[in-house]
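For the numbers below, each heavy atom of this structure counts, side chains included, while hydrogens, waters and symmetry mates do not. Start at 1 and go down the list; that is how both ligands and their atoms are numbered. For clarity, every value in this text was computed on a predicted model and none was experimentally measured.
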Amino acid sequence: MALLPVADALRLLLDSAAPGETETVPLAEAAERVLAEPLKALRTQPPFDASAMDGYAVRAADVADVPVQLEIIGAAPAGRRFAGEVGPGQAVRIFTGAPMPEGADTIVIQENTSSVGEHGIEVTETVAGGRHIRRKGLDFAEGDLLLEAGRVLDAAALSLAASANHATLRVVKRPLVAIIATGDELLPPGSEPGPDQIIASNAFGVAAIAQSAGARALDLGIAPDRKEAISALVRQAKDARADVIVTLGGASVGDHDFIHDVLTGEGVVLDFWKIAMRPGKPLMFGRLGGTRCLGLPGNPVASLVCSHLFLKPLLAHLGGRPHQPDIRRASLAAALPANDTRQDYIRAVVEPTPDGLLATPFGIQDSSMLKIFAEANALIVREPFAAAVDIGAPCDVLMLR
Ligand SMILES: Nc1nc2c(c(=O)[nH]1)N[C@H]1C(S)=C(S)[C@@H](COP(=O)(O)OP(=O)(O)OC[C@H]3O[C@@H](n4cnc5c(N)ncnc54)[C@H](O)[C@@H]3O)O[C@H]1N2
Ligand code: MOO
């Protein structure tokens, strides 16, 4: 049977994947969350004409000719306005952020004054009317639209929401990803493996990728290669109301590869199984009601490459986040042979040179090899049936970091 092209698999996977439920969170917990509804200002900022400088609130007409002496009739620190009115020949000591007193129409900064006795100043520089005054509503007015729905709440957005007097924000719920490892040979890190056992590694990288896409990861541990044991964890994932269930391993066709049977047995309707990609050929995707199920191949590099290419955009869509793979042009530092039927993702180091990016592929690309994956910062992407190419040929690279 012909393998499904990567682009078709991605289309099926993202079909109808849209942001789901929303929740209200305190502002202090809203960083990097996705705003679920447009945000309007609950107040006007500044709520009054305010001084932008430390100095004196005066009448511009009084300081048209300098030097001139003025009488200080009071003070206006930030948070406490001067109650009276500034008359001719008078000034009010004022500080940045304080409301402008009645009668004054400009600010003389204190550097342009000197003290005269206990209650007077001499103004040494003239200043035009309206200087150093922040007008009421300069930043925003009550009712203004401040942030669009879908905005990822970065530093400026959070401070703006706070300034507009929102103590909580309505955000898109972070999708929950339940991760199930499978395999009799697997033990968690920190164990003492027997002679035929290895350490389970995939869940950690997959969880990290899920979290980088704004999701929560729930590691349900390792099921042995028994259908009932795997089914039990799939049900546990359902009970936890996972939006996405990810299984690791058992996706291929061996005698101990049960994921296909378990998922379909649990009622999963498969959208696809096996795609034209290396690594990652046995990738499986289906739906169990509203829950999406992604069966990742067990080989560690296949698990992670499939997570970058499929799980990440799926979670971004479900969480209402933008997702744009970072694909760039580079030239090859090594010749590559002709490609076969599968789209190839080749671990490589991409580095800048005066002539542009240079991509150096690792020589051996077995999909069990994590060390070179950790050294790689990119994947060279080769189309199915791509012709053999020489050193220096252009190529596409998917940047990973
Ligand atoms: N006859 C065929 N055999 C295989 C095919 C095929 O098309 N026909 N495909 C190969 C490809 S491609 C891959 S990828 C693997 C994936 O198979 P599975 O998804 O069934 O994975 P497993 O057999 O369970 O494990 C493969 C390998 O990865 C190790 N593994 C599994 N889970 C983890 C984990 N959580 N952490 C670390 N390592 C893990 C496992 O021990 C195996 O060494 O199938 C090929 N075979
Ligand atoms: O996914 Mo397998 O790792 O293509 O070899």
(request) For ligand 2, list the protein residues that place a heavy atom within a distance below 4.0 Å of one of its atoms, sorted by chain and number. (result) Pro279, Gly280, Lys281, Pro282, Asn299, Ala302, Arg342, Ser367
(message) Is the positively charged end of Arg93 above the ring of Tyr56, judged by distance under 6.0 angstrom from the centroid and angle within 45° of the axis?
(response) yes
(message) Testing the basics here: between Asp261 and Lys227, what is the closest heavy-atom pair and its distance to 0.1 Å?
(response) OD2-NZ, 3.2 Å
(message) Taking 4.0 Å as the limit for heavy-atom contacts, which would you say applies to Pro300 with ligand 1: side chain only, backbone only, both, or neither?
(response) side chain
(request) Could you check which of Ser368, Gly295, Ser252 puts a non-hydrogen atom nearest to atom 6 (C) of ligand 1? (result) Ser252
(message) For Phe310, give me all partners under ring pair (Phe, Tyr, Trp, His ring centres under 6.0 Å), at least two apart in sequence or on another chain.
(response) none
(message) For Val253, which part has a heavy atom under 4.0 Å from ligand 1: side chain, backbone, both, or neither?
(response) side chain
(message) Does the residue Ser367 have a heavy-atom contact with ligand 1, meaning some pair of atoms that are separated by less than 4.0 Å?
(response) no
(message) Using the side chain to side chain contact (heavy atoms under 4.5 Å, CB included) criterion, which residues pair with His256? Sequence neighbours excluded.
(response) Asp225
(request) Check Pro297 against ligand 1 and report side chain, backbone, both or neither, counting heavy atoms closer than 4.0 Å. (result) both
(request) For residues Ala316 and His323, report the shortest heavy-atom separation together with the two atoms involved. (result) CB-CB, 3.7 Å
(message) Is it the case that the side chain of Asn339 and the backbone of Arg342 share a donor-acceptor pair, with hydrogens and angles ignored and the cut-off at 3.5 Å?
(response) yes
(message) Just to be sure I read this right, does ligand 1 sit under 4.0 Å from the backbone of Ile222, its side chain, both, or neither, counting only heavy atoms?
(response) neither
(request) Ignoring hydrogens and angles, tell me if any N or O in the side chain of Asn299 forms a donor-acceptor pair with the backbone of Val301 under 3.5 Å. (result) no
(request) Tell me which part of Asn299 gets within contact of ligand 1: side chain, backbone, both or neither, using heavy atoms under 4.0 Å. (result) both
(request) Can you sort out the partners of His260 under ring pair (Phe, Tyr, Trp, His ring centres under 6.0 Å), two or more places apart, ordered by chain and number? (result) Trp273
(request) Can you spot which of Ser331, Pro352, Pro394, Cys395 makes a side-chain contact (heavy atoms from CB on, under 4.5 Å) with Leu357? (result) Pro352
